[in-house]
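Just so we're on the same page: letters track the sequence lines, and every chain starts at 1.
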Amino acid sequence: MRITCPYCGTRDLREFSYRGAASDLERPDAEAPPEEWHAYLHLRDNPAGVTRDLWYHEMGCASWLVVTRNTVTHEILACDLARDVALKAREAKR
Amino acid sequence: MRFSAWQVLKEGLTGNRGWGAHWRDPEPKPAYDVIIIGGGGHGLATAYYLAKEHGITNVAVLEKGYIGGGNVGRNTTIVRANYGLPGNSEFYSHSLKLWEGLEADLNYNVMHSQRGIINLFHSDGARDAAARRGNAMINQGDDAVLLDREGVRAMLPFLDYDNIRFPVYGGLYHARGGTARHDAVAWGFARGADRRGVDLIQNCEVTGIDIEQGRVTGVQTTRGAIKAKKVAMVAAGRSGQVAAMAGMRLPIESHILQAFVTEGLKPCLDTVVTFGMGHFYISQSDKGGLVFGGDLDFYASYAARGNLPQAEHVMEAAMTLMPMIGKARVLRSWGGIMDMSPDGSPIIDTTHIDGLFLNCGWCYGGFKAVPGSGHVTAHLIATGRPHAAATKYRLDRFATGIGLMDEEGTGSQHNLH
Amino acid sequence: MRIDGAGLINRNKPVTFSFDGRSYQGFEGDTLASALLANGVRLMGRSFKYHRPRGVFTAGSEEPNALMTVGRGAAQTPNVRATVQEIYEGLEARSQNRWPSLSADLLSVNDLLSPFLGAGFYYKTFMWPRSFWEKLYEPVIRRAAGLGALSGAPDTARYDRAYAFCDLLVVGSGPSGLMAALTAARAGADVILCEEDSAFGGRLNSEAEEIDGAPARDWVQAVLAELDSLPNVRLMKRTTVTGAYDQGTYGALQRVALHMADPGDRPLETFWHIAAKACVLAAGALERPIAFPMNDRPGVMMASALRSYLHRFNVAPGKRVAVFGNNDGARQTAEDLRAAGVEVAALVDSRPEAELPVGFNAFKGAQVIHTKGYMGLKSITVSTGSREEVIEADCLAVSGGWNPTLHLTCHMGARPVWDETLAAFLPAEKSVPGMIPAGAAKGIFSTAGCLADGQRAAKEALKALGLKAKASDLPAASDAPYSVAPLWQVPGKGRAWLDFQNDVTVKDVKQAAQENFRSVEHMKRYTTQGMATDQGKNSNVGALAVLADATGRGIPETGTTTFRPPFAPVSIAAMGAGARGKGFAPERFTTSHAANIARGAPMIEAGLWYRPSYFPRPGDAGWQEACNREVGFVRNAVGVCDVSTLGKIDIQGPDAAAFLDFVYCNTFSTLKEGRVRYGLMLREDGHVMDDGTCARLGETHYLMTTTTAAAGQVMKHLEFVSQALRPELDVSFTSVTEHWAQFAVAGPKSRALLDSLLDAPVDESAFPFMGCGAVTVAGVPARLFRISFSGEHAYEIAVPARYGAALYGDLVARAEVLGGGAYGMEALNVLRIEKGFITHAEIHGRTTAFDIGMGRMVSARKDCIGKAASRREGLSGPEREQLVGLRPVLPEGRLPAGAHLFSENRPPTRENSEGYVTSTCFSPSLGHEIALGFLKNGPLRRGEVVKLVDHLRGVETLCTVCDPVFIDPDGGRMRG
């Protein structure tokens with residue numbers, strides 16, 4: 001697998017490590033109800049198809065990335081900086 | 001027909017014309033008492049024990065492909081009961097006992113071979129952890145022996161003891177651990193269930209789960225609608241999609257685990273060996289192939305195939321631990337879809353929908369659980385109560401934090417196992 | 001025997017080798033198989049199950065029969081294909097899976113028992129009595145199974161891994177591959193051309209083909225010369241592309257030196273990762289056999305293999321050769337044999353309408369229905385339906401048609417598509433992104449067609465690469481059509497083999513169907529069809545056809561099994577190259593490493609680092625004595641220990657304090673400059689991730705320490721929190737673990753030592769307990785932290801790493817003067833257990849802040865990672881096992897770590913286990929063992945006597961639950 005890091009270009013899978021669904025960016029408020037925290041921490045769509053997940057360019061620029069990817073074909077559709085995605089989500093919230 | 005040496009002899013003399021089908025291929029009936037979604041090891045075993053232990057035989061196992069085509073047909077065949085935490089301890093102990101009587105029970109040689117497992121450890125801290133686990137095994141009534149370095153050397157003289165990056169400090173030896181012929185386990189349960197009246201329906205994909213007023217009433221399939229009083233979701237890596245048909249989101253992510261087999265070799269490895277620092281485990285099959293695997297590829301996937309970095313990492317572990325296998329050649333690699341739960345332990349439970357049951361979260365350890373999982377899931381379906389050996393496999397444990405079973409200590413969050 | 005001809009062997013370079021102890025001669029360019037055939041050797045192996053005598057069957061890596069063991073001692077290599085292994089001077093080959101010898105193999109008795117050993121027989125027997133499986137049946141089966149043997153010695157040979165990048169990877173160098181490579185190379189693309197064989201050219205080396213009116217080999221040489229002259233082309237022969245992976249990644253195995261008598265310092269094999277923007281799959285096709293009765297005799301081989309031996313190696317595999325086929329390959333083979341002067345015993349074509357040349361003993365619409373010759377073919381029986389004729393022959397060339405070599409197109413899950421006209425599977429469209437099948441791999445079998453298709457494929461690839469092909473003409477070549485009449489099985493008396501190595505016959509497949517193993521995957525697994533070393537390359541399609549027939553379905557409905565990587569087997573040593581011994585993981589060394597080694601300290605692994613275990617002295621009774629001494633240094637004088645391996649993360653920015661408040665469960669924004677605080681970090685799941693100290697060096701500047709083991713994990717976590725969860729915070733951090741050498745200076749005389757060392761004495765007001773700040777040592781700026789992991793008055797001093805070695809030597813020397821010295825990990829562990837300080841033995845991933853008595857550190861006034869999850873009911877409360885100290889009731893009582901804890905009167909069972917021991921040591925200060933452990937509701941059970949049981953080590957000890965702090969519970973020594 002090869003992932004195109006926005007900073008470093010296309011790099012081999014060896015350089016990256018994985019975290020899981022990009023829903024990890026949507027951390028609930030501290031005082032959100034337990035069900036919301038449970039869903040955030042544990043429940044997953046786990047799609048067989050296009051998904052967005054978090055990768056870390058550990059052996060590269062140390063960027064956290066949101067990769068849009070197909071879990072059936074391993075096709076990679078997009079790769080964005082998690083920071084940009086998180087900031088954009090904040091903007092949208094306001 | 002009962003299988004025996006006598007029958008093999010008789011058939012051999014008469015041209016092997018008398019062997020019949022190991023199981024039928026029936027058309028689905030309009031309704032069943034119980035429908036099991038998933039014709040893998042766990043689903044087939046559940047059906048078998050429903051019929052055998054509970055007399056519930058109006059059962060269909062619905063399989064979208066061919067039975068035994070999932071992880072029971074693609075694993076490293078290891079059977080063990082060497083867990084350390086309550087919940088897992090009693091369950092795997094229960095499962096191993098079922099293994100020990102499985103051939104006689106099924107009248108099918110699944111080649112369960114208790115050739116022993118050695119889990120190597122590579123530091124003082126890992127020895128302490130191994131001792132804790134070994135003591136838990138004995139507390140449970142199972143067997144464990146703590147080997148020092150020389151004890152390991154006596155059993156595995158071919159490991160690298162002199163120059164290895166992470167030296168062998170010792171090993172936890174589990175004599176009753178071993179291997180089995182994975183496909184035969186699926187077939188044995190299939191034949192046993194079929195003989196007791198269970199309908200095994202292949203090429204039948206479930207496309208919907210019918211729920212009325214909070215109660216399950218049947219399923220929609222590619223071969224038509226089928227009514228059922230109870231439905232069990234036993235779909236392993238595909239659990240997320242199946243549960244979604246019932247409107248459920250599960251604490252499951254599906255990941256790839258690769259495994260490998262070499263060309264046939266004369267016997268060189270008697271026991272199962274696991275390498276604590278390298279996520280590497282290996283045994284030799286009766287055919288002579290070295291069967292081995294490592295860690296997950298570590299990304300969510302349904303592709304049932306992996307990539308090179310993890311494959312190479314597994315080979316690296318092999319080379320640092322037992323460089324004598326360098327000239328063995330990998331013949332085939334494959335990838336299975338693992339239903340990873342947050343704490344690395346399974347879920348066998350009822351759901352908020354009446355009559356709908358859930359069995360999933362086997363991570364990369366489902367094979368050894370097959371008899372036990374089928375047995376306790378059948379109990380749950382038949383009685384509505386968890387079996388004594390599986391009281392802790394609750395779906396709500398992640399919400400409550402009660403009884404989390406994180407054997408590895410890496411966390412009860414996704415992607416840490 | 002050898003015949004005249006202009007093959008690829010070098011008759012000027014004879015090579016001597018041996019097989020089963022007998023010496024033979026071949027020529028440079030020979031494979032083991034061709035050289036043995038040239039010497040009249042037909043028997044080359046035994047089958048897996050029935051131990052039937054077998055001869056060479058193919059001329060490629062798909063060989064199922066002629067597998068041998070090459071080399072001796074640690075170099076012994078099992079299962080080498082004689083058809084691939086090139087001979088070299090002194091090569092030693094031995095037959096395998098036979099006893100006592102290849103010609104007299106006792107296990108061939110299995111063949112007589114074959115009626116009882118059919119498909120899946122073992123699932124039906126060996127079940128009684130139960131204990132006999134492990135004791136009798138299985139050991140016998142295991143001994144009989146397997147092919148060749150490993151030597152048992154470590155593989156110390158050199159292997160390598162390498163990485164390559166290209167625009168276009170061309171797999172295969174037959175007419176399609178060469179044309180594709182040439183077209184792409186001329187257009188300026190970076191091209192890698194991989195050829196599995198030792199010679200480029202593919203089938204062109206093995207056929208009497210002409211291109212542009214000259215022998216095809218001339219054209220091959222011309223193309224190679226041009227490719228070789230281009231800087232943008234890399235030619236890789238002896239290189240098998242083994243797998244297709246995501247985003248244009250390919251694995252490839254190069255046999256670098258396996259054909260050399262003396263590899264010198266070359267690796268034997270190199271495993272390549274090739275990242276290619278596009279790929280032309282020109283891997284050709286594999287000829288398939290026909291399942292006719294007794295088709296497995298030594299001397300029966302594929303017609304294409306026979307032509308390879310004839311044209312490339314100038315070997316006639318027999319004196320009287322018969323040919324049997326269902327396509328024009330049979331006729332071609334007969335003509336080639338005749339041209340080479342070899343007697344053609346019969347030409348048998350199953351097609352009634354076949355046009356056969358004159359001058360042969362030809363049979364149209366006929367089949368070979370039987371053979372004779374146990375150790376080697378003697379005769380065949382030909383049936384035309386109306387009559388049968390026995391014909392003497394010592395070799396039979398068989399062609400059942402061709403299967404495109406499409407394996408790589410299946411590696412990403414695509415299923416091939418059945419083509420009725422070709423009676424073969426073809427690659428599915430877009431099966432692997434970027435891969436373009438061409439030529440025979442795509443079902444185009446004429447030379448002219450392959451040349452054109454290779455060019456077409458290259459143009460398609462170039463277009464995708466944004467390059468333009470230069471106009472060029474196609475060379476002229478034969479455009480003979482391919483016509484095949486499917487013939488999978490020939491009825492008749494006797495077994496008809498499908499999978500030769502695994503001894504799977506037509507009857508086995510039919511029996512599997514009869515037993516309802518009708519799915520192709522079930523049939524495969526039940527019969528072991530296709531699971532031999534060729535992975536069904538020779539037999540899968542034939543077996544599929546038999547199964548389709550037996551189940552009354554067509555081949556497309558029956559489906560195929562999956563081809564998975566690797567295409568051809570890859571040695572573990574090649575794919576794991578570099579990892580043997582210490583190569584498995586990097587080694588990290590502290591600046592004190594050499595000094596510790598010089599002091600004789602055994603070094604132990606700590607993560608990727610090495611740390612000294614203890615410092616032995618002459619006369620020590622053992623490690624315990626050294627450990628006790630070093631504990632004494634710290635408790636009574638001063639000890640020095642390198643703590644540089646702890647992770648150090650420099651954190652700066654206006655929001656550094658807010659950031660730390662979020663990642664630690666306790667508060668750091670309130671920490672004063674020049675002060676240090678213990679911090680506890682949770683995972684988001686509410687369990688403890690790591691702990692350590694964090695110093696505030698300035699208003700916006702902190703220095704975090706982590707445990708040695710968790711440094712990487714914490715760094716990654718901080719990056720995640722910063723980039724993904726709190727991107728609005730203005731904070732930066734960097735790992736400075738390697739930048740600073742840091743040493744603990746601990747004990748009542750630590751202050752005295754430092755006063756003697758530092759440029760200015762330690763200022764008590766600047767360095768109270770948990771104080772920190774800048775100092776200088778011999779003019780070198782250093783950092784001093786007054787922190788303690790031993791419970792004594794202690795400091796840690798950090799200097800830039802380049803001064804580490806010097807400072808360490810100085811510190812130890814000064815400590816020794818003061819009656820102390822260096823201490824190692826054993827003593828460090830004792831010191832911390834005596835004080836109840838935790839490590840990852842306690843925060844092992846399943847413990848919460850509550851469990852370790854730090855529940856109140858989770859600040860109520862702010863959010864932090866893990867706070868919400870830690871509020872779940874199951875993460876605190878009396879049912880939790882919580883941190884306690886344990887001391888034996890009797891002073892000699894042992895408290896081994898890993899033991900479980902029980903109420904005194906309860907039997908030691910799982911249901912009764914209430915906790916366990918995590919850390920233990922002999923406390924020289926107290927004179928007995930002490931331990932830390934976890935016990936249900938532990939803190940409220942202090943004073944209670946519990947039973948410790950270690951079944952594994954036969955220990956049962958009554959012990960008293962106590963506070964985990966064994967020494968100086970008020971901390972007076974530390975603070976004072």
Do the ring planes of [X] and [Y] sit parallel (below 30°), tilted (30 to 60°) or perpendicular (above 60°)?
X	Y	value
B/H22	C/Y526	perpendicular
C/H844	C/Y916	tilted
C/F517	B/W23	perpendicular
C/F271	C/H273	perpendicular
B/F260	B/F292	parallel

N/O donor-acceptor pair under 3.5 Å between C/Y137 side chain and C/M127 backbone: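 No; judged by distance alone, with no hydrogens or angles, the pair does not exist.
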C/E879, CD atom: more than 12 neighbouring heavy atoms under 6.0 Å: no
B/K10 atom NZ, neighbour heavy-atom count above 12 within 6.0 Å: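 It does not: B/K10 NZ has 12 such atoms or fewer within range.
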Salt-bridge contact B/E407-C/R846 (side-chain N to carboxylate O under 4.0 Å): no
Short N-O contact, B/E263 and B/K287, less than 4.0 angstrom: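 Not counted as a salt bridge, because no side-chain N and carboxylate O are separated by less than 4.0 Å.
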Select one option (side chain, backbone, both, neither) describing which atoms of [X] are under 4.5 Å from chain B's heavy atoms.
X	answer
C/S913	side chain
C/E138	side chain
C/E826	side chain
C/L117	neither
C/A157	side chain
C/E684	both
C/M689	neither
C/A532	backbone
C/N97	both
C/P586	backbone
C/H411	backbone
C/T533	both
C/T920	neither
C/V80	both

Region of [X] that comes under 4.5 Å of a non-hydrogen atom in chain C:
X	value
B/A104	neither
B/Y169	side chain
B/S123	neither
B/L13	both
B/A328	both
B/V145	backbone
B/E90	both
B/N203	neither
B/E103	both
B/I67	both
B/A5	both
B/D286	both
B/Q114	both
B/A186	neither

Checking [Y] against [X]: is there a side-chain donor and acceptor pair closer than 3.5 Å?
X	Y	result
B/R332	C/Q535	yes
B/R2	B/S4	no
C/K124	B/N107	no
B/D142	B/S93	yes
B/D406	B/S412	no
C/T69	C/Q96	yes
B/N135	C/D950	yes

Considering non-hydrogen atoms only, spot the tightest contact between [X] and [Y] and give its length.
X	Y	value
B/G65	B/E63	N-OE2, 2.7 Å
B/G326	C/S571	O-CB, 3.6 Å
C/P896	C/V917	O-CB, 3.6 Å

Any idea which of [options] has the most non-hydrogen atom pairs under 4.5 angstrom with chain B?
options	answer
C/A144, C/S151, C/A897	C/A897
C/H687, C/K510, C/R953	C/R953
C/M412, C/E873, C/E587	C/M412
C/P908, C/P566, C/A841, C/S519	C/P566
C/F48, C/F902, C/Y123, C/F116	C/Y123
C/Q501, C/E134, C/K49	C/E134

I'd like to verify something: which residue of [options] has the highest number of heavy-atom pairs under 4.5 Å with chain C?
options	answer
B/L290, B/D25, B/D160	B/D25
B/M1, B/M137, B/E100	B/E100
B/S113, B/G134, B/P267	B/S113
B/K327, B/M315, B/R397	B/K327
B/G288, B/A136, B/P157, B/A311	B/A136
B/N307, B/T262, B/L404	B/N307

Pair B/F3 + B/Y108: ring centers closer than 6.0 Å: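 That pair passes the under 6.0 Å test.
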C/F584 ring center within less than 6.0 Å of B/F275 ring center: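 B/F275 vs C/F584: aromatic centres under 6.0 Å.
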